Each structure stands twice: as structure tokens, then as C-alpha cells.
Amino acid sequence: MAVAPAVLALGGDVARPVRLTVSDLLSWPQHRVRVTFECATSGVRHHGFAGPLLHDVLCDAGPGFDPARRKDRLRFLIAVSGTDGHRALLSWAEIDPDFAHAPVLLAVGIDDTSLDGAGPQLVLPQDRCGARYVSGVNAIRVDGRYGPWA
Ligand SMILES: Nc1nc2c(c(=O)[nH]1)N[C@H]1C(S)=C(S)[C@@H](COP(=O)(O)O)O[C@H]1N2
Ligand SMILES: [Mo]
């Protein structure tokens, strides 16, 4: 029997929350990247990843900012969770082409193996450490509503 495909819930401050499988993620333009990162426990790792840009997928969900206003986007953060509870945050500006423009992927394949069953993996070629390469991504929350703090 085939293993059920993993599902990723994309929600938060977006107009169109959506549940996506790895197969759904193939409908955006695909990018390939070879990365090297260092793990604090297992040393230097090399991988090849393929998948859509996180920015492309999130923009299609309709983040709750005015896309024409750069300053409006700076409030937004992106929380990414894996099935094991491992979590990492990105700022919107980190992946925004008008700001740091990091080529972050939501990978559907690692080393030419599909992530259909395990779920997508966050890929941050700009990171020296591997800890934000969250695997088995099952939830992404876009959040622009926190604060201000007194
Ligand atoms: N879901 C999840 N993803 C994770 C982790 C984790 O504990 N849980 N560990 C991270 C860390 S610390 C590293 S270094 C890389 C290791 O990836 P690799 O062993 O596939 O090279 O995965 C990252 N992704
Ligand atoms: Mo690590």
C-alpha cells in the first residue's frame, strides 16, 4: 500500500490559507541548488535540493500586507515547523527581493529522492549552520499581527 503523502498547512495572516502536498509544490517554478552546511553534531554536510522558492509559495497565499509598500512587509515573520516539533523563524525581509533576497526553497526533493512521504524541507543556502534546514515541514505560519510591545 502506498504511504499517505505528507501535508503542509500554510496559514496565519494570509488571505488564502492552504494545505499543500509535495506534489502540489511541483506546480510552482522549480529551482535546484547544491548546498554545504555545518552541523554542530555531525560536521560538514553536502546535499542537492530541488523545489519552489518559499517566496513564490507564500505570495500566492496572499500575505496580509500591501505588496506595493516595502515598509509594510517588514513587520512579517515566517514560522516554520517540522513534524518532530523542530521550529525556525525567518523574517519576510530575508526572502523578499527588495531586501535580503535569500534564495530559500521549500524542497520537494533531496539528493534526487522525493520528499513526498517525509514532507518538504526548508533550504537556506545562505546559512552556515544546518539547524534551520527544517525537514518534514508540516506547518508554515505567516505572522504580521504581533506587537507592538509596551
Ligand atoms: N525536523 C527537523 N529538521 C531538522 C532538524 C531536526 O532536529 N528536526 N535538525 C537540523 C539540523 S541541526 C541539521 S544540521 C540538519 C541536518 O541535516 P542532514 O542530517 O540531513 O544533513 O537538519 C536540520 N533539520
Ligand atoms: Mo545540526
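One is the number of the first residue; the rest follow in order along the sequence. Remember, it's a predicted structure, so these values are computed and weren't measured experimentally. In each ligand, atom 1 is the first atom listed, and ligand 1 is the first ligand listed.
- When every heavy atom of Arg45 is checked against every heavy atom of Cys39, the shortest pair comes out as CG-CB, 4.4 Å.
- Between Lys71 and Asp98 there is no salt bridge, since no side-chain nitrogen of the basic residue lies less than 4.0 Å from a carboxylate oxygen of the acidic one.
- Using modelled atom types, one side-chain atom of Asp111 and one backbone atom of Gly48 make a donor-acceptor pair closer than 3.5 Å.
- No continuous path of ILVMFWY side-chain contacts below 4.5 Å connects Val137 to Leu77, so the two sit in separate hydrophobic clusters.
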Query - Chi angles and distances behind the side chain to side chain contact (heavy atoms under 4.5 Å, CB included) call for Ser114, Val108 - result: CA-CA 6 Å; Ser114 170; Val108 297; over 6 Å; no
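- Distance alone, capped at 3.5 Å, places no donor-acceptor pair between the Gln121 side chain and the Leu105 backbone.
- Protein neighbours of ligand 1 below 4.0 Å, counting non-hydrogen atoms: Phe37, Cys39, Arg45, His47, Asp84, His86, Gly130, Ala131, Tyr133, Val134, Ser135.
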